[in-house]
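Reckoned from all heavy atoms, side chains included, excluding hydrogens, waters and symmetry mates. For clarity, every value in this text was computed on a predicted model and none was experimentally measured.
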Amino acid sequence: MLSDPFFSLDVRQSDAGTVVTVAGELDVATAPELAQALADADGQVTVDLSATTFADPAALGVLLAARADGVRIRVLPRRGGQVARLLVLTDTERLLSPA
């Protein structure tokens, strides 16, 4: 896979489960990497999108598909950022973000 200067993904284990941190642009080209990380994750999965500058419907689809497949997922967007706006506009914030 080619290196993308506008995207990075890091996966680490914590006592609470798996933390997937995404930075940069999460779109149709990079969403498959997130999908693979979520498929490989164990336990509760926290997807930290606070450094994600852009997310498109493909990214949202990956998050919702993981949830539908039984992944216990919570998404942490940057407050007031583009990802948070996408979740609010699509009425998926309550499904993916912590209360």
Could you report the tightest heavy-atom contact between Leu86 and Ala55, atom names first, then the distance? CD2-O, 3.6 Å
Minimum heavy-atom distance between Asp48 and Ser50, given as atom pair plus value: OD1-OG, 2.6 Å
Looking at Leu38 and Ala66, what are the two nearest heavy atoms and their distance? CD1-CB, 3.7 Å
Under 3.5 Å, side chain of Thr52 to main-chain N/O of Phe54, donor-acceptor pair present? no
Run the side-chain contact (heavy atoms from CB on, under 4.5 Å) test on Leu87 and Leu96 for me, step by step, so that the C-alpha distance in whole Å, both residues' side-chain angles and the decisive distance to 0.1 Å come before the verdict. CA-CA 8 Å; Leu87 296 177; Leu96 297 171; 3.9 Å; yes
Could you give the distance from OG1 (Thr46) to CZ (Arg74), rounded to the nearest 0.5 Å? 4.0 Å
From Leu76 CG over to Ser97 OG, what is the distance, rounded to the nearest 0.5 angstrom? 7.5 Å
Show your reasoning for whether side-chain contact (heavy atoms from CB on, under 4.5 Å) applies to Val19 and Thr21. CA-CA 6 Å; Val19 178; Thr21 303; 3.8 Å; yes
Can you confirm whether Val20 sits close enough to Val45 that some side-chain heavy atom of one is under 4.5 Å from a side-chain heavy atom of the other? yes
For Gln44 versus Ile73, what's the shortest heavy-atom pair and its separation? NE2-C, 3.9 Å
Checking Thr18 side chain against Asp42 main chain: does a donor-acceptor pair fall under 3.5 Å? yes
In Å, rounded to the nearest 0.5 Å, how long is the span from CG of Leu95 to CG of Leu63? 11.0 Å
Can you tell me how far OG1 of Thr92 sits from CG of Leu60, rounded to the nearest 0.5 angstrom? 4.5 Å
Closest non-hydrogen contact found for Gln82 with Thr53 is CB-O, 3.8 Å
Sub-3.5 Å donor-acceptor pair from the side chain of Thr30 to the main-chain atoms of Glu25, do we have one? yes
Within the distance-only criterion (no hydrogens, no angle test), does the side chain of Asp69 pair as donor or acceptor with the backbone N or O of Val71 below 3.5 angstrom? no
Taken in chain and number order and not counting sequence neighbours, the residues that satisfy side chain to side chain contact (heavy atoms under 4.5 Å, CB included) with Ala84 are Pro77
Can you check whether Val28's main-chain N or O pairs, donor with acceptor, with Asp56's side chain at less than 3.5 Å? yes
